[in-house]
Amino acid sequence: MLPMSSICRGVRLLAQQHVAVLEFSASCTRPSSSSSSSSLHVPPPACMLRPLEVPHRYLFGPGPSNVPPRVLAAGGRPIIGHLHPEMYEIMNNIKEGIRYAFQTTNHMTLAMSGSGHTAMECAVFNIVEPGESVLVSVNGVWGERVAEIADRMGAKVHTLVKAPGGYFTNQEIEKEISKHKPVLFFLTHGESSAGLAHPVDGIGDICRKYNCLFLVDSVASLGASPLLMDKQKIDILYTGSQKALNSPPGTAPISFNDRACQKLFNRKTKPVSYLLDMTHLSNYWGNDGEPARLYHHTGPVSGFFTLRESLAILAEKGLENSWKQHRQVAEYLWKGLEDLGLQLFIKDKDLRLPSVTTIAIPEGYDWKELLTYMMKHHQLEMTGGLGPSVGMVMRLGLMGYNCSMSNADKALAALSDALKHCKKHKA
Ligand SMILES: Cc1ncc(COP(=O)(O)O)c(C=O)c1O
């Protein structure tokens, strides 16, 4: 039922436009125009004259995850100009927060205006020049994406491929790096499509030995699984805002060390993207030593407020406490899943991503039916696989604000209910 006030507002607006209202239906149909005096041939859509409706959902998939009230409130603060000194101060706070979360002292640290993919493209576009060799490890969808991005900008792309859930030994990585002599090696730390936390130790040393830069994706693992940018010799690291950080989607922290800056600021060609060009972004973020920070693009002001607050929550909690909490809740969840008779996709506990758990599809069940049942009866989101893991797994994420034993119980209860009610198909 629509509130009377919004119906009246809608009718009033339509009357002003001399547009006849045919119906307020549940679907987004357009009222037809019968006016001859209006210059508009597209009338206001009926759906736009109804109030915004957003349901409450338990976001227990691989992200976005639910956002705590404090972060939501930060996003509701009044907008200030993107070039105001107070905004620069907030951006400076964000840089400090990212340095803590990444465990780096890198000067060239900032947040992209955009989702995790923006950071992925920023890293590849700025580091690699057309014709240069890139090595991408692919053991799920994210390596596939980076290989595609590098290919589109004209790099010579080599891939090191395993089935979802597989991981690469340092010997395998060194063999391929020595063979292809890439300028960049890419690895996903938290492979959210497969639920794998990839080991990182020693890879930075291999990259340095062959004068290659080490790029790591931590979109699904930052704050949930231990990662130390400087100690583990990661040259470029990025993440997303909407996973364990619990911000709304739309901003993406990234950091480049001095080795990476050497390469990206000594290019022969300009990066293919103006928006993602680090020469401009480093000025916008006050990282280039210039006295003035100039207009480059209009940053997502509210998104930066929420990111700042999420990073503040992580700093208050402590990174190690956050890692510990994710591990403890994940262990509790994994035991609960096994008690339900389910099998975990990643067999080796030490390789499981604590933020996103992958469950092998139980035999005889249609995974889509299980997910639909949980959404319908529990307002609870889990998802299927992604890219090469589609049809192999269901994904259950408990990240940041959502990472608690009580939410693990809620997810287990929903799964148990779905398993009871969704008909088992004969294999
Ligand atoms: C590991 C990983 N990398 C990259 C991305 C892409 O991030 P976004 O969807 O914010 O662009 C995701 C998103 O789920 C992810 O899990």
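Positions are given from 1, in the same order as the sequence printed here. Order of listing sets the numbers, starting from 1, for every ligand and every atom in it.
Using a cut-off of 4.0 Å between Lys/Arg side-chain N and Asp/Glu carboxylate O, K156 and E132 are scored as not salt-bridged. A salt bridge links E172 to K162: at least one charged side-chain nitrogen sits closer than 4.0 Å to a carboxylate oxygen. Taking 4.0 Å as the cut-off between side-chain N and carboxylate O, R308 and E96 do not count as a salt-bridged pair.
From the protein, the heavy atom lying nearest to atom 8 (P) of ligand 1 is G116 N, 3.4 Å. The nearest heavy-atom contact from the protein to atom 14 (O) of ligand 1 is K243 NZ, 2.5 Å.
Close approach to M120 involves these atoms of ligand 1, each under 4.0 Å from a residue heavy atom: 4 (C). Ligand-side atoms of ligand 1 in range of D217: 1 (C), 2 (C), 3 (N), 4 (C), range being under 4.0 angstrom from any heavy atom. Under a 4.0 Å criterion applied to the non-hydrogen atoms of S115, ligand 1 contributes the atoms 8 (P), 10 (O), 11 (O). Taking a cut-off of under 4.0 Å to the non-hydrogen atoms of G190, the atoms of ligand 1 that pass are 1 (C). Ligand-side atoms of ligand 1 in range of S192: 1 (C), 15 (C), 16 (O), range being under 4.0 angstrom from any heavy atom.
Separating the NE2 atom in H198 from the CD1 atom in I173 is a distance of 5.0 Å, to the nearest 0.5 Å. To the nearest 0.5 Å, atom OH of residue Y58 and atom CE of residue M382 are 12.5 Å apart. To the nearest 0.5 Å, atom CG of residue L333 and atom NE2 of residue H326 are 12.0 Å apart.
The nearest non-hydrogen atom to atom 10 (O) of ligand 1, considering only E121, Q242, E191, H117, comes from Q242.
Within the 4.5 Å cutoff, side-chain heavy atoms of F102 are placed close to those of T239.
Using a 4.0 Å heavy-atom cutoff, G63 is absent from the residues neighbouring ligand 1. Residue-ligand proximity: H189 is placed with every non-hydrogen atom at 4.0 Å or more from ligand 1.
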